[in-house]
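A short write-up of the structure that comes next.
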Amino acid sequence: MILIISGTNRPNSKTLKIAKCYQQLLDRKSVENDLFSLSDLPPNILETDLYGKRSPEFGPIQQKVSDADMFIFIAPEYNGSIPGALKLFIDCCSFPSSFYHKKVALVGLSSGRYGNLRGIDHLTGICHYLRMHVLPLKIFLPNVQNELNEDGELFKEDTMQFITEQIEEIVRF
Ligand SMILES: Cc1cc2nc3c(=O)[nH]c(=O)nc-3n(C[C@H](O)[C@H](O)[C@H](O)COP(=O)(O)O)c2cc1C
């Protein structure tokens, strides 16, 4: 099962829209998947789910993570890296069983011109620390505001081509 992680808790994020596009593409290929948005994290997660503590709200989220054998992390660029919420989420998950030796594909996006290139490098380092197998083909979506139509869907032909190529590699990975 592939778990898509929408890597920010910002309301109305473009990240979630991109994550939903990935989910549609996996659905079209009948690939078993689920989507978790960090906007659905428990609000007091700093107090309730770090350092071995576990709230009833995080239990089902941990279960989704435990059930996945591959992840797609969609990570927006916040101050030149991944959002703190994404690192916090990773830190809250059970270690090492949540991520060890599992597969992961990475997608970066930003309103600026780099598409979170540096943040995806940071995230690659974290994933390697967690002994994950990182798909070499990573997708970067700079100027993401120009990538989505009024319905919040990706519409550019060249972007769709790159993403479709990544989806095909994800399925083969
Ligand atoms: C706290 C914060 C920091 C940000 N830092 C950057 C940045 O360093 N570079 C950049 O290109 N965009 C930056 N942005 C803009 C995001 O790239 C933009 O919000 C984009 O739409 C993707 O994020 P979203 O999923 O929150 O919409 C930042 C946004 C926030 C909320």
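All ligand and atom numbering here is 1-based and tracks the order in the structure.
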Rounded distance [0.5 Å steps], CE in Met132 versus CE in Met70: 9.0 Å

Test of proximity, Pro76 against ligand 1: N or O pairs below 3.5 Å: no

N or O contact, Leu109 vs ligand 1, cut-off under 3.5 Å: no

Any side-chain heavy-atom pair of Phe73 and Leu3 under 4.5 Å: no

Min side-chain heavy-atom separation Leu38-Arg10 under 4.5 Å: no

Any N/O pair Thr8/ligand 1 closer than 3.5 Å: no

Protein contact to atom 1 (C) of ligand 1 [nearest heavy atom, distance to 0.1 Å]: Tyr78 CG, 4.0 Å

Which residue and heavy atom of the protein sit nearest atom 17 (O) of ligand 1, plus the separation: Ser111 N, 3.0 Å

Arg113, any N or O under 3.5 Å of ligand 1 N or O: no

Atom indices of ligand 1, in the order listed, that fall short of 4.0 Å to a heavy atom of Thr15: 24 (P), 25 (O)

Nearest-0.5 Å distance that lies between atom CG in Asp67 and atom CD in Glu32: 9.0 Å

From the candidates Glu147, Gln145, Glu77, the one that places a heavy atom nearest atom 7 (C) of ligand 1: Glu77

Minimum-distance protein heavy atom relative to atom 5 (N) of ligand 1: Asn79 N, 2.8 Å

From NZ (Lys156) to CD1 (Ile163), nearest 0.5 Å: 11.5 Å

Row check, Phe36 ring normal vs Lys64 NZ/CZ: under 6.0 Å, within 45°: no

More than 12 heavy atoms from other groups under 6.0 Å of CZ on Phe140: yes

Gly112: numbered ligand 1 atoms lying under 4.0 Å from its heavy atoms: 10 (C), 11 (O)

Enumerated ligand 1 atoms positioned under 4.0 Å from heavy atoms of Ser13: 24 (P), 25 (O), 26 (O), 27 (O)

Distance (rounded to the nearest 0.5 Å) between Phe173 CZ and Gln166 CD: 10.5 Å

Which segment of Asn116 sits under 4.0 Å of ligand 1 when only heavy atoms are counted: neither

Side-chain ion pair, Asp49 and Arg54, N-O less than 4.0 Å: yes

Under-4.0 Å heavy-atom contact with ligand 1, by part of Arg10 that carries it: side chain

